[in-house]
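See below for the structure under consideration.
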Amino acid sequence: MTRYLLVSRSAEYETRLRRLFRARLQTLPGEYLTFGVDEAVDRVRETPAIALLGPLLTLDETKSLSVALGEQHPGIGVVVVREQRSDLEDWVEEVGMHAVLSPEATDAATESLIGRLDEWLVTAGRAVPPETTDDVADPSDGEATISLVDLRIEPEATSAEPPAAEAVVEASPEAVAEPAEPEWTLPDVEGVRTEVIAVAAPKGGQGKTTMAVNLATGLAEVAPHSVVLIDADLQFGDIANVLDLTATRGLVEAVDAADDEVLIKTLLIRHVDDFFVIPAPRSPELADTIDPHRMGALIDRLATMFRYVVIDTTPGLGEHTLTALEHATDGIFVTSLTVASLRALRTEFELLVALGLLPQNRHIVLNAVEKNTGLVVADAEPIIGAAPDIVVPRSSGVLLAANAGVPLIHNDPRDSAAKAVRTLVQRIEPTAYPTRRRIHRRRRSQ
Ligand SMILES: Nc1ncnc2c1ncn2[C@@H]1O[C@H](COP(=O)(O)OP(=O)(O)OP(=O)(O)O)[C@@H](O)[C@H]1O
Ligand SMILES: [Mg+2]
């Protein structure tokens, strides 16, 4: 059975790979792309674990192929075969790729890269294991002519280590039904770069919860069961409501359990879109019982268990929100396009800088933007002191999704706000494309 797919316009490279992978390789001459990418992809016979795209394909062709193959064959690994050139960064940004392979790489290096990616895909649960062990290239003899650039895989691609696994779900979802004794094991994230993303805003009602929920949803598409969403809006957190989840326990209990991974697992609520939620305390007065240091310890603990930790926060810069930001790698700052909110955000930034608590990565979201309000997007930068990274329009789709208890990006992916929120997800995880399967999966399971 073939395992790898090569789409290329170079007959020479095709011959070389055939010699290398023999029966494991199916090839699709780049000429088929003349009839359209979908036509070409329909010609792929068996489900490939890895697609090698290039050499001699354009950026557009490579991008469309990567998307179309990802839709037809979810989980597929994508390797772009291309020389390292100055525009490579654009390719990395635009193509949902896992690695770049030089066409000049030696046979050993080529085999090693594909073998390591294959192994990673199997470990991550994205590909079935090869039928025979002979099918997998020996991962032990990696070489430096390759560069593995997957933004989610550890960048030390040229070492002899296999790519770090980001997600391995070892038990069936049904096992999660009984929360008291979970039989599932979380994906092993040891050695994987974890991102802790705190969503903050100086004022209430700006869209923090909307961003946090959709971020968790989008990230879980690429890292199922490896995302946890913490509702740290301690007094009025409403994530459980927005997601239509029933919770009897939440952050208070999780903070108490910060030192006990097994206990924490029993407190996680699994959302149908493959992420976990730790809801806010059941009643506002319980907020006072949460010690910020212990909450910090919980965040750190969760960061050892999950690939992504997303934290919704209380408006303003209270102790708990500062703790969340202190422990975060990424801060998402949400503001509306009003002078008061923009100024407040500037003040928030000034304070965070003074305290040394501005997270390493910062993303400014201008939310609920509408026309004819007296301000335009360009007015935001001079007031905040930094340009907005994402502009989300005001849209009734946001409210409809919240009322339906379904994350916006799945409830109505074509909604203008949903598209903008998707670009926010992609700032954190560039391969989070809205594939048909991902969107419809939620619908089917309703
Ligand atoms: N882009 C948008 N278009 C239209 N409505 C929006 C948009 N973003 C958020 N909303 C709506 O605004 C309200 C507040 O949003 P959300 O709950 O996400 O904000 P928040 O910052 O978490 O608020 P709080 O401070 O109360 O926790 C919600 O009713 C939400 O549906
Ligand atoms: Mg909120």
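Atoms within a ligand are numbered from 1 in the order they appear, just like the ligands themselves. Since the model is a prediction, treat every value here as computed from it, not as a measurement.
Atoms of ligand 1 found under 4.0 Å from any heavy atom of Pro315 (numbered from 1 in listed order, with element): 25 (O). The distance from ligand 1 to the heavy atoms of Asp233 drops below 4.0 Å at these ligand atoms: 27 (O). Short contacts between ligand 1 and Pro393, defined as distances under 4.0 Å to a heavy atom of the residue, involve ligand atoms 1 (N), 2 (C), 3 (N). Residue-ligand proximity, Asn367 to ligand 1, at heavy-atom distances under 4.0 Å covers atoms 1 (N), 2 (C), 7 (C), 8 (N), 9 (C). For ligand 1, the atoms closer than 4.0 angstrom to any heavy atom of Thr210 are 9 (C), 15 (O), 16 (P), 18 (O). Each of the atoms 1 (N) of ligand 1 lies under 4.0 Å from some heavy atom of Val392.
Ion pair Arg343/Glu348 not flagged as a salt bridge, since none of the NZ, NE, NH1 or NH2 atoms sits closer than 4.0 Å to an Asp/Glu carboxylate oxygen.
For ligand 1, the polar-atom distance check against Lys203 finds no nitrogen or oxygen pair separated by under 3.5 Å. Geometrically, ligand 1 and Ala417 share no nitrogen or oxygen pair separated by less than 3.5 Å. Taking distance alone, with nitrogen or oxygen atoms compared against 3.5 Å, Gly204 stays at or beyond that limit from ligand 1. Some N or O of Ser395 is nearer than 3.5 Å to an N or O of ligand 1, by distance alone.
For atom 14 (C) of ligand 1, the nearest protein heavy atom (residue, atom name, distance) is Gly205 O, 3.8 Å. Among protein heavy atoms, the minimum distance from atom 19 (O) of ligand 1 is reached at Gly207 N, 2.9 Å. In this structure, the protein non-hydrogen atom closest to atom 10 (N) of ligand 1 is Val398 CG1, 3.6 Å.
Between Tyr32 and Phe35, the angle of the ring planes lies from 30° to 60°, which puts this pair in the tilted group. Taking the six-membered ring for Trp and thresholds of 30 and 60 degrees, Phe333 and Phe349 have ring planes more than 60 degrees apart, a perpendicular arrangement.
Partner of Leu424 under the side-chain contact (heavy atoms from CB on, under 4.5 Å) criterion, chosen from Asn214, Val199, Ile332: Ile332. Partner of Pro407 under the side-chain contact (heavy atoms from CB on, under 4.5 Å) criterion, out of Val421, Asp273, Val242, Leu215: Asp273 alone.
For the residue pair Ala401 and Leu408, the shortest heavy atom distance occurs at CB-CA, 3.6 Å. Between Asp233 and Thr313, the closest heavy-atom pair is CB-O, 3.6 Å.
Note that atom 28 (C) of ligand 1 has no protein non-hydrogen atoms nearby, at separations under 4.0 angstrom. Distance remark: protein heavy atom not present below 4.0 angstrom from atom 12 (O) of ligand 1.
Using 4.0 Å as the threshold, Ala201 has no heavy atom nearer than that to any atom of ligand 1. In this structure, Ser396 has no heavy atom closer than 4.0 Å to ligand 1.
Counting heavy atoms from C-beta on, the side chains of Met295 and Ile299 come closer than 4.5 Å.
One N or O on the side chain of Thr329 and one on the backbone of Val196 form a donor-acceptor pair closer than 3.5 Å. Panel note: side chain Gln206, backbone Lys203; no donor-acceptor pair is recorded below 3.5 Å.
Selection from Val365, Val199, Thr209, Leu400 by nearest heavy atom to atom 17 (O) of ligand 1 gives Thr209. Among Gln235, Lys208, Met211, Glu370, the residue whose heavy atom sits closest to atom 21 (O) of ligand 1 is Lys208.
Other residues, nucleotides and ligands contribute over 12 non-hydrogen atoms within 6.0 Å of the CD atom of Glu46.
In summary, the side chains of Asp312 and Thr209 do present a donor paired with an acceptor at a separation below 3.5 Å, with no hydrogens or angles considered.
Residue Thr210 does not count as close to the Mg ion (ligand 2), with no N, O or S atom under 2.8 Å.
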